[in-house]
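All remarks here apply to the structure that follows.
Note that the structure is predicted; figures quoted are calculated from it, not measured. Heads up: numbering here begins at 1 and tracks the sequence. Whatever order the structure lists ligands and atoms in, that order sets their numbers, starting from 1.
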Amino acid sequence: MFTPKPQLTSETSLDAPSPPVVHIPREIRRSTKVNEVYSKALDQHGPVIVVPRHGRDEYVIDHRYAHEVLTNTNNFTFEKAVFDLLHLGFLALFDNGAFVHDVDNLVEKNVQPRMNAIIENIFPVLKEYFARMVDELPNTACDKTSVEYPDFFERIQLAVAHAMVVMILGHAHASSVVASHFAVVAVAMANMTGMHENTDEWVRFPWLWVIFNGFSAIFFTIIPRFFFCVVPVLWKTRKEHLENGLAARQGNFIPLFDILLTQYYNGKTGISTLAGFFRCVIISIGVIFASIHQTVVAASWILVTLTQKQSEYLPALRQEWETVNPPGETLTVKKLSQLTLLDSFIRETLRTKGDSWGPIRQTTQPVRVGPYVLPKGAVCLVLIARAHQHPDNYGTEGAVFDGFQWSEKGRAAVQGSPDFLTFGLGRWACPGRQLAIHEIKILLYMFFSNFDIRLKGNCFRARNTINTTAVAPEAILLLRRRG
Ligand code: HEM
């Protein structure tokens, strides 16, 4: 059996050169060769290279130092890096990491321990979406034609957003209108991270594109859709939300906003009442961003991959579904955890879909990584496409898609390691990953148990090759009701 090579640790001496600057042209960054070219540059100059992109220097890190860079909390910070990613680095000066910490803490302490109750509450919402999609299609008994769905991403987005309205604000606010506000707010935040920077930035004035992009996300989407449409209702109903939060018991379903009010609003007087309420609203926006967009993008990649590879994988997956959850029954956390073949397929798709970046860090002081010294404030990105396939980690099999191997090897999709970094690693690893995988399993189950699915032309395409983490694939699904 193949054993991955061990991770490396750096010396502490700061008497070393800076990493080399490597220019990777824009047309390469927009092509399907992007990961190969970055990886070759690391082979040639590694284990750290500085690649100027979008007016900033990105420190690209080799897979051998993934563990060191991602888990060393003394030399690297996540909180500050997130603000820089959102192009809001200046806010980090005032916030000192509190925002990211609060969002992380809320999910860590309240989503995982209440998972049974959350899935019980969001499963019917997702089921309802699919029932409506089924109703839209012709009845198979009379009509055998498939219907084209170029907008399957938006469909999944609304379904997941609706489920997240329930989780964050509660059933009383759950409507397709609020779900659409959540969906666009999540996309606006993702836009602020420069989701489309690689393909859409203005060549002449990249900094102006950043300002324009951030400005439109905040003033044309987040403020009108969240602060004008959702927040006034939350303010009006704050007392009910607070009482509900105060009555919460461990393990029971309780909207995250209600818990936030008990922490930051309860017992405040005067102006700090408003400040506490506002803090709950801002943290909720953070959770909306963290919980919707990436899940929908990942689900879209897995859906198209399974559709394309269905002749090889679907029969065994259907058998697993029928054994674990006979038709008409409700999926629970216990049953979702028993879907190990599906879990393996999800992990394998996430491993091989070609993400360049995932977790990011920023140096808190000058730091030695391998033979180089990185200055304070360096934004570090591990090239995860390399970590996910490199012979050091996978021998000769790294580029081969083997959908059920993780079920045999007993490695769940939520289990991170230096050779699987989709959900990050260490102290800042994604606290919502269990929920994300449960949701993706439910979505795939719903798609394939309600429809016969094909891909138009049996193909799909990465829209933004350097950012398959945040940008969904381009594809047209052909759906037909299952008879
Ligand atoms: C497939 C879907 C998802 C992917 C690929 C993903 C990936 C990630 C990654 C890579 C990180 C950074 C980890 C690190 O730096 O080590 C992260 C952080 C985080 N994720 Fe996820 N995540 C997903 C879904 C979710 C969901 C559903 C939630 C919430 C319920 C969530 C909540 C968070 C939070 C709170 C953080 C840290 C703080 C922050 O971003 O503000 N994530 N996620």
Side-chain angles (χ1 to χ4, degrees), residues 61 66-67 69-73 76-83 85-86 88 92 95 97-115 118-119 122 156-157 160-161 163-168 182 186 189-190 192-193 256 282-303 343 346-347 349-351 353 355-362 379-382 384 387-388 413-414 416-418 420-444 467-472:
I61 313 282
H67 186 269
V69 169
L70 296 177
T71 62
N72 183 329
T73 52
F76 299 91
T77 160
F78 172 68
E79 288 96 335
K80 173 85 172 61
V82 169
F83 275 104
L85 190 75
L86 290 167
L88 295 173
D95 161 276
F99 168 69
V100 176
H101 176 267
D102 291 349
V103 174
D104 189 68
N105 204 35
L106 180 72
V107 176
E108 182 88 48
K109 298 226 167 83
N110 297 289
V111 172
Q112 190 55 23
R114 296 191 159 88
M115 193 63 81
I118 290 174
I119 295 297
I122 67 173
I156 303 177
Q157 191 182 46
V160 172
M164 291 302 98
V165 174
V166 170
M167 182 178 88
I168 299 168
F182 268 43
M189 292 284 285
M192 286 172 70
T193 66
L256 297 181
I282 295 290
I283 297 171
S284 299
I285 294 179
V287 182
I288 293 171
F289 165 56
S291 65
I292 300 176
H293 189 68
Q294 291 239 71
T295 309
V296 178
V297 172
S300 304
W301 278 98
I302 299 159
L303 174 64
D343 194 87
I346 292 173
R347 181 178 169 117
T349 308
L350 295 174
R351 179 182 79 82
K353 78 185 174 71
D355 296 347
S356 306
W357 322 125
I360 57 161
R361 300 288 181 266
Q362 195 173 67
V379 172
C380 302
L381 302 156
V382 177
I384 70 171
H388 282 186
V414 292
S417 55
F420 182 63
L421 295 166
T422 297
F423 294 106
L425 201 64
R427 153 79 190 78
W428 293 291
C430 174
R433 61 194 185 278
Q434 282 89 353
L435 176 65
I437 295 295
H438 289 326
E439 284 180 285
I440 293 171
K441 284 182 180 172
I442 297 174
L443 292 167
L444 292 172
N467 198 353
T468 52
T469 316
V471 182

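- Ligand 1 does not have Gly286 within reach: every non-hydrogen atom of the residue lies 4.0 Å or more from it.
- Atom CE in Met164 sits 13.0 Å away from atom CD in Gln157 (nearest 0.5 Å).
- Applying the 4.0 Å criterion to heavy atoms of Pro359 picks out, from ligand 1, the atoms 14 (C), 15 (O), 16 (O).
- With a cut-off of 2.8 Å, the protein N/O/S atoms near atom 21 (Fe) of ligand 1 add up to 1.
- At a heavy-atom distance under 4.0 Å, only side-chain atoms of Leu435, from C-beta outward, approach ligand 1.
- Atom 37 (C) of ligand 1 has its closest protein heavy atom at Asp104 OD1, 3.5 Å.
- Cation-pi check for Arg347 over Phe420 is met; the charged atom lies under 6.0 angstrom from the ring centroid and within 45 degrees of its normal.
- Between Ile122 and Leu435, some side-chain heavy-atom pair lies under the 4.5 Å cut-off.
- Thr295 contributes atom OG1, which lies 12.5 Å from atom NE2 of His438 (distance to the nearest 0.5 angstrom).
- For His67, the NE2 atom counts as loosely surrounded, since its 6.0 Å shell holds 12 or fewer non-hydrogen atoms of other residues, nucleotides or ligands.
- Of the inter-residue distances, the one linking Ile440 atom CD1 with Ile156 atom CD1 reads 9.5 Å to the nearest 0.5 angstrom.
- The Ala429 neighbourhood of ligand 1 comprises atoms 13 (C), 16 (O), with distances under 4.0 Å to a heavy atom of that residue.
- Protein heavy atom closest to atom 40 (O) of ligand 1, with residue, atom name and distance, is Phe78 CZ, 4.2 Å.
- The single protein non-hydrogen atom nearest to atom 16 (O) of ligand 1 is Arg361 NH2, 2.8 Å, given as residue, atom name and distance.
- Looking at Asp104 and Lys109, no side-chain N of the basic residue comes within less than 4.0 Å of a carboxylate O on the acidic one, giving no salt bridge.
- The closest approach between Val111 and ligand 1 stays at or above 4.0 Å for every heavy atom of the residue.
- Residue Val103 holds the heavy atom nearest to atom 35 (C) of ligand 1 of all those in Asp355, Val103, Val297.
- Atom 1 (C) of ligand 1 has as its closest protein heavy atom Ala298 CB, 3.6 Å.
- Taking CD of Gln362 as the reference point, atom SG of Cys380 lies at 8.0 Å (rounded to 0.5 Å).
- Between Phe289 and Gln294 there is no side-chain heavy-atom pair separated by less than 4.5 Å.
- Taking any N or O of Leu425, backbone or side chain, at least one lies under 3.5 Å from an N or O belonging to ligand 1.
- Without hydrogens or angle criteria, Thr71 side chain to Gly426 main chain gives no donor-acceptor distance under 3.5 Å.
- Nearest protein heavy-atom contact of atom 14 (C) of ligand 1 is Trp428 O, 3.2 Å.
- Closest to atom 10 (C) of ligand 1, if we only count protein heavy atoms, is Thr422 O, 3.3 Å.
- Set against the non-hydrogen atoms of Thr295, the atoms of ligand 1 under 4.0 Å away are 1 (C), 2 (C), 24 (C), 27 (C).
- The shortest side-chain heavy-atom distance between Leu425 and Pro418 falls under the 4.5 Å cut-off.
- Atom CG of Leu70 is separated from atom CZ of Arg361 by 5.0 Å, given to the nearest 0.5 angstrom.
- Results of the side-chain contact (heavy atoms from CB on, under 4.5 Å) test with Ile302 over Ile346, Val297, Leu443 single out Ile346 as the only residue that passes.
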